[in-house]
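The structure appears right after this line, and notes come after that.
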Amino acid sequence: MVMTYRGDDGGRRMPPPRPAAGRPREHQRAQMMPLPGRGRSPYDERTRPMGTREPEYAPPPPPRQDPPRRPVQDDYPPSRPPRRRRWSIGKVLGALVLVFVVFLAGIWVYLEFSIKRVDALADYSGRPVAASGTNWLIVGSDSREGLTAEDEERLATGDVAAAGGGQRTDTIMIAHIPDNDTKPTLLSLPRDSQVAIPGHGKNKINAAFSLGGPKLLAQTVEGATGLHIDHYAEIGFGGFAKIVDAIGGVEMCIDKDMDDTMTGISIKAGCPQQLDGREALGFVRMRHSAATPRSDLDRVANQRKFIGALVSQIASPGTLLNPFDFFPLLSAAPDALTMDSGDHVHNLAGLAIAMRGISSGGVVTTTVPVTNGSAENWDKNKSKQLFDALKNDTAVPDNVIVN
């Protein structure tokens, strides 16, 4: 019996052929239809109709990254922009003080390593022991070192041979700085004073410098006065004139016309007036003039007077704060000055501070008491009183002060 399959149209159709024996029967895969409103189903691959091409998919999207976390500070209001630093008055003053200190330190280093040195002070058998206060030996030599022939003629330094040859001293002073509140003392030793020079017998005190230089002169002064010399300072002709010219001259009062018949230098009377380097050198050396009837005694008095005016002017604000005076002075000082190898700039500063009072009477100025106007022989009793007062830092008796 043959079964027939009737379709919808009523036609007769043959049933589909059966698979051949030995072949597995293939079941038609059911195709799932997507629901309305949905995209591709994860089952699309499995339900793809037979004979269709495998679809091409785009590369997978990159892995999802979480948005960066906001910094904690973002949760707070934004901070104000940094304020510009303002210089307070204290900071400005502090900066100025620092600059000033550095400037002074630079000057100290410059002078410390520029000033010439000499071995002037040495220990020896029988040397006076150090006592109260501090003693400086200040020497003004007739050294012409560094001077040209034109300089010597302009400054009227004279002929070395005519002066007896060698190097001599026109100025010999002891500056005593006490350790207490007594006044400092500036003491002049007349250059023609007859004293014992170690190894050379008795001679004029300035001959010691010619015979043995600063070391023999210091030993001679210590032996004659009994004072221990702690520091040494020397200045020559040329250096002296350069320092005076560097600060624009020194203001002085000249009571009488001064005409030196030996050097030919003339200084007219006047008060005040500025002495330049040439005139200043003539003033401190002059003794052959009607204005200096006591010869060397008048000369040493004028030397102390001039040193007082010079130190006061150098230490004044008008010089220290004026670059047109200060820097030329700073340049001239190292070539003009010679100190002992053991001395330093701060020692020199202490001397300058102590000697500032010469013009105002704050410093005792005197000459070693002598027996006559030639100033060759010292008064033994009065000289001893003077030297004892300096040793013990006591006031110098009025009866031994000679001006």
Assess whether side-chain contact (heavy atoms from CB on, under 4.5 Å) is satisfied between Leu217 and Glu234, documenting all intermediate values. CA-CA 12 Å; Leu217 176 62; Glu234 175 191 333; over 6 Å; no
Determine the sole option in Asp298, Asp260, Asp192, Asp170 for which the salt bridge (Lys or Arg N to Asp or Glu O under 4.0 Å) test with Arg287 is passed. Asp192
Test item: Ser383 side-chain N/O and Asp379 main-chain N/O as donor-acceptor pair under 3.5 Å: yes
Is there side-chain contact between Met173 and Ile307, with heavy atoms separated by less than 4.5 Å? yes
Side chain to side chain, Leu337 and Leu348, heavy atoms closer than 4.5 Å: yes
Are a donor atom and an acceptor atom from the side chains of Ser289 and Asp259 found within less than 3.5 Å of each other? no
Check Arg191, Gln303, Arg285 against Thr171 for a side chain to side chain donor-acceptor pair (under 3.5 Å) and give me the one that passes. Gln303
I want to check something: taking the side chain as every heavy atom from C-beta on, are Thr134 and His231 in contact at a cut-off of under 4.5 Å? yes
Has Lys183 got a side-chain atom pairing as donor or acceptor with Gly361's backbone, closer than 3.5 angstrom? yes
For Glu222 and Leu227 the tightest heavy-atom approach is CG-O, 3.2 Å
Are any non-hydrogen side-chain atoms of Ile197 and Ile205 less than 4.5 angstrom apart? no
Would you indicate whether Tyr124, at its atom OH, is surrounded by more than 12 heavy atoms from other residues, nucleotides or ligands within a distance under 6.0 Å? yes
Of all the heavy-atom pairs spanning Asp393 and Gly133, show the shortest one and how long it is. OD2-N, 3.4 Å
Do the side chain of Asn377 and the main chain of Thr371 share a donor and acceptor less than 3.5 angstrom apart? no
Considering only NZ, NE, NH1 and NH2 on the basic side and carboxylate oxygens on the acidic side, decide whether Arg299 and Asp296 come within less than 4.0 Å. yes
Scanning both residues in full, the closest heavy-atom pair of Leu351 with Ala175 reads CD1-CB, 3.7 Å
I'd like to know if the side chain of Gln274 reaches the main chain of Gly248, judged simply by a donor and an acceptor atom lying under 3.5 Å from each other, with no hydrogens or angles considered. yes
With no hydrogens and no angle check, is any side-chain donor or acceptor of Thr319 less than 3.5 Å from a backbone partner on Gln313? yes
Side chains of Ile229 and Asp340: closer than 4.5 Å at any heavy-atom pair? no
Member of Val250, Asp245, Leu281 meeting the side-chain contact (heavy atoms from CB on, under 4.5 Å) criterion with Asp276: Asp245
Using distance alone, with no hydrogens and no angle criterion, decide if Ser341 and Asp119 have a side-chain donor and acceptor under 3.5 Å apart. yes
Polar side chain donor-acceptor pair, Arg304 to Thr367, under 3.5 angstrom: yes
If you look at every heavy atom in Pro184 and Gly362, which pair is closest and at what distance? CD-O, 3.6 Å
Starting from the C-alpha separation in whole Å, work towards a yes-or-no answer on side-chain contact (heavy atoms from CB on, under 4.5 Å) for Trp378 and Thr225. CA-CA 11 Å; Trp378 296 353; Thr225 63; 4.3 Å; yes
Do the rings of His344 and His346 sit parallel, tilted or perpendicular, given the 30° and 60° boundaries? parallel
Audit row: Leu390, Val396, side-chain contact (heavy atoms from CB on, under 4.5 Å) steps and yes/no: CA-CA 7 Å; Leu390 298 182; Val396 177; 4.2 Å; yes
Step-by-step side-chain contact (heavy atoms from CB on, under 4.5 Å) determination, Ile243 to Ile314: CA-CA 10 Å; Ile243 286 181; Ile314 288 177; 4.3 Å; yes
Nearest 0.5 Å please: distance from the NZ atom of Lys268 over to the CD atom of Glu279. 11.5 Å
Relative to each other, are the rings of Phe240 and Phe306 parallel, tilted or perpendicular (30° and 60° limits)? tilted
Take atom CD1 of Ile89 as the centre, draw a 6.0 Å sphere, and report whether it contains more than 12 heavy atoms from other residues, nucleotides or ligands. no
Any side-chain heavy-atom pair from His200 and Leu216 closer than 4.5 angstrom? yes
More than 12 non-hydrogen atoms from neighbouring residues, nucleotides or ligands closer than 6.0 Å to CZ on Arg356, yes or no? no
Look only at the side chain of Asn203 and the backbone of Ala208, and say whether a donor-acceptor pair between them is shorter than 3.5 Å. no
Answer yes or no: is there a side-chain heavy-atom contact under 4.5 Å between Ile247 and Pro328? no
Please indicate whether Lys204 has more than 12 foreign heavy atoms, meaning atoms of other residues, nucleotides or ligands, lying under 6.0 Å from its NZ. no
Nearest heavy-atom neighbours spanning Lys256 and Ala291: CB-CB, 4.3 Å
Student check: side-chain heavy atoms of Thr220 and Phe209 closer than 4.5 Å: no
Looking only at heavy atoms, the pair that brings Val129 and His228 closest together is O-CB, 3.5 Å
